[in-house]
Peer 1: 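My structure is below; once you've seen it, I'll send some questions.
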Amino acid sequence: MPELPEVETIRRDLERRIVGKKIKAVEVRDKKVISFSSVILSEAKDPFSFGSFLRGQKFAKIERRGKLLAFLVAGEKYLLVHLKMTGQLIYKEKGVRNKEKMIAGGHKISEYDLQVPNKFTRAIFIFADKSQLFFNDMRRFGYMKIVDKKEKERIWREDFGIEPLTKDFKFQDFARLFKNRKTNIKALLLNQKLISGIGNIYADEACFCAGLLPWRKVASLKSIEIKKLFQCISQVLRVAIKNRGTSFSDFVDATGGQGGHYNFLKVYERAGNKCRRCGSIINKIRHAGRGTHYCPECRK
DNA sequence: GTGTTTGTTATCAA
DNA sequence: CTTGATAACAAACA
């Protein structure tokens with residue numbers, strides 16, 4: 001599951017590799033993952049394909065909001081890319097076998113990740129220098145969508161809450177989310193309209209870091225606990241980015257390599273193992289329909 | 001055949 | 001109107 005650290009890792013990987021390169025061709029293997037905003041469609045004089053829209057253009061920069069990527073193209077249009085659960089963006093230079101980079105690490109990575117294209121490749125971008133970008137998605141939840149600047153900015157403004165790791169991530173704004181709300185900590189952290197980019201892995205990790213049980217009602221938190229959680233979110237996300245994200249099922253970075261954060265996780269996917277802080281056994285329950293990991297002892 | 005995995009949205013309830 | 005809780009979706013794997 002690519003969350004903020006994984007998507008940011010991909011963004012950085014791709015920015016230095018594909019920005020400025022001319023798009024020579026686009027191969028769409030699965031139309032389900034492609035769409036256009038209605039404004040784009042109404043602007044078009046003639047019906048056009050995804051490929052003909054992007055051909056000859058360049059990605060000028062790559063932005064990220066939460067788990068969503070936006071590739072800027074000419075005419076202030078954006079290609080939005082959401083990887084949802086199993087999406088991948090894998091860049092490959094001509095003649096380079098990504099397979100050779102896929103060494104060690106080993107956490108249940110599918111054999112299909114070892115080579116591109118594969119049967120889950122939904123679209124391929126071919127650049128003028130013969131390098132290629134593969135959009136893979138086993139489950140087909142992910143999407144690529146062309147939108148105009150206005151729509152992109154509306155999404156940036158309305159669909160996402162506070163962006164962690166930016167100057168807009170201020171304690172006062174974060175603490176305000178806890179007022180007059182009947183929900184629990186984990187549901188709040190997973191709500192993209194309140195705070196962007198946190199998914200199941202880092203929600204559990206942030207709660208553990210703060211010594212808080214994920215199902216606690218947010219209204220019951222003392223100011224000092226909210227402060228701790230606020231600091232933990234930044235810390236947990238920063239370290240995960242530094243380690244290039246967590247790979248345990250499908251995530252690979254933009255070169256097809258695994259993230260290095262798996263072995264640093266404190267609770268996620270560690271049920272039955274000893275807590276790295278206190279030595280008791282990490283537990284896992286189902287909360288709000290999601291696997292939720294916690295240490296029964298490490299909490300204030 | 002069954003249960004499990006989760007990001008997001010749809011739907012219904014309060 | 002807002003908010004919250006839950007189901008549904010997708011597809012592969014153990």
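Each chain gets a letter, A, B and so on, in the order its sequence line appears, and its residues count up from 1.
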Peer 1: Rounded to the nearest angstrom, tell me the gap between atom CG in A:Asp137 and atom C1' in C:dA11.
Peer 2: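 Taking CG of A:Asp137 and C1' of C:dA11, I get 10 Å after rounding.
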Peer 1: Figure out the NZ/P separation between A:Lys179 and C:dT3, and round it to whole Å.
Peer 2: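 Nearest whole value for this atom pair: 16 Å.
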Peer 1: Going by disulfide bond (SG atoms under 2.5 Å apart), name the residues that satisfy it together with A:Cys275, two or more places apart in sequence or in a different chain.
Peer 2: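 Not a single residue meets the disulfide bond (SG atoms under 2.5 Å apart) criterion with A:Cys275.
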Peer 1: For A:Arg181 and C:dG4, is the shortest distance between a side-chain N/O and OP1 or OP2 below 4.0 Å?
Peer 2: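 Answer yes for this pair, as a side-chain N or O of A:Arg181 is under 4.0 Å from OP1 or OP2.
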Peer 1: Assign A:Tyr143 to base, sugar-phosphate, or nothing according to its heavy-atom contacts below 4.0 angstrom with the strands shown.
Peer 2: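 No contact.
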Peer 1: Rounding to a whole Å, what distance do you find between A:Met85:CE and C:dA8:P?
Peer 2: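 The answer, rounded to whole Å, is 17 Å.
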Peer 1: Any base atoms under 4.0 Å from A:Lys32, or only sugar-phosphate, or nothing? Heavy atoms, all strands.
Peer 2: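 Here A:Lys32 touches no strand at all.
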Peer 1: When the aromatic ring centroids of A:Phe169 and A:Phe230 are compared, is their separation below 6.0 Å?
Peer 2: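 Between A:Phe230 and A:Phe169, which both carry aromatic rings, the centre distance is below 6.0 Å.
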Peer 1: Only distances under 3.5 Å count here; give the side-chain donor-acceptor pairs of residues 158-167 of chain A to other protein atoms, sequence neighbours excluded, each with its distance to 0.1 Å.
Peer 2:
residue, atom, partner, partner atom, Å
A:Glu158, OE1, A:Arg154, NH1, 3.1
A:Glu163, OE1, A:Arg65, NH1, 3.0
A:Glu163, OE1, A:Gly66, N, 2.9
A:Glu163, OE2, A:Arg64, NH1, 2.8
A:Glu163, OE2, A:Gly66, N, 3.4
A:Thr166, OG1, A:Glu163, O, 2.9
A:Thr166, OG1, A:Asp168, N, 3.1

Peer 1: Among C:dG4, C:dA12, B:dG7, which nucleotide has an atom closest to any side-chain atom of A:Met1?
Peer 2: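 Selected nucleotide: B:dG7.
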Peer 1: From CD of A:Gln88 over to C1' of C:dA11, roughly how many Å is that when rounded to an integer?
Peer 2: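 Value for this atom pair: 14 Å.
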Peer 1: Check the distance between B:dT6's P and A:Glu6's CD and give it to me in whole angstrom.
Peer 2: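 Distance check: A:Glu6 CD to B:dT6 P gives 13 Å.
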Peer 1: What nucleic acid atoms does A:Gly291 come within less than 4.0 Å of, heavy atoms only: base, sugar-phosphate, or nothing?
Peer 2: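 Since only primed, P, OP1 and OP2 atoms lie under 4.0 Å of A:Gly291, the category is sugar-phosphate.
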Peer 1: The side chain of A:Met138 is closest to which nucleotide in this list: C:dA11, C:dG4, B:dG7?
Peer 2: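 Ranking C:dA11, C:dG4, B:dG7 by closest atom to the A:Met138 side chain puts C:dA11 first.
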Peer 1: Expressed in angstrom and rounded to an integer, what is the separation of A:Arg140 atom CZ from B:dT6 atom P?
Peer 2: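 Spelled out: CZ on A:Arg140 to P on B:dT6 is 22 Å.
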Peer 1: Using atom types as modelled and distance alone, determine if a side-chain donor or acceptor of A:Glu6 lies under 3.5 Å from a backbone N or O of A:Phe251.
Peer 2: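 Side chain of A:Glu6 to backbone of A:Phe251, a donor-acceptor pair under 3.5 Å: no, none is there.
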Peer 1: Mind checking if A:Arg290 touches a base, just sugar-phosphate, or nothing, with heavy atoms under 4.0 Å?
Peer 2: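 Base, at least one base atom sits under 4.0 Å.
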Peer 1: As a test of reading the structure: which of C:dA12, C:dG4, B:dG7 is closest to the side chain of A:Lys182, going by heavy atoms?
Peer 2: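 Nearest nucleotide to the side chain: C:dG4.
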Peer 1: A:Arg277: what forms a side-chain hydrogen bond (donor to acceptor under 3.5 Å, both in side chains) with it, not counting sequence neighbours?
Peer 2: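 side-chain hydrogen bond (donor to acceptor under 3.5 Å, both in side chains) list for A:Arg277, sorted by chain: empty.
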Peer 1: For A:Thr292, which residues count as a side-chain hydrogen bond (donor to acceptor under 3.5 Å, both in side chains) partner, sequence neighbours excluded?
Peer 2: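 Scan of A:Thr292 (side-chain hydrogen bond (donor to acceptor under 3.5 Å, both in side chains), adjacent residues dropped) gives A:Lys186.
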Peer 1: What integer distance in Å separates A:Asn118:CG from C:dA11:P?
Peer 2: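 Distance check: A:Asn118 CG to C:dA11 P gives 15 Å.
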Peer 1: How many whole angstroms separate atom NZ of A:Lys67 from atom P of B:dG7?
Peer 2: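 Answer to the nearest Å: 5 Å.
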Peer 1: Which residues in residues 183-204 of chain A have at least one heavy atom lying under 4.0 Å from any atom of DNA chain B?
Peer 2: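 Per residue number, the list reads A:Gln192, A:Gly199, A:Asn200.
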Peer 1: According to side chain to side chain contact (heavy atoms under 4.5 Å, CB included), who are the partners of A:Val28, at least two apart in sequence or on a separate chain?
Peer 2: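 In terms of side chain to side chain contact (heavy atoms under 4.5 Å, CB included), with neighbours along the sequence ignored, A:Val28 is linked to A:Val26, A:Lys31, A:Ile34, A:Phe50.
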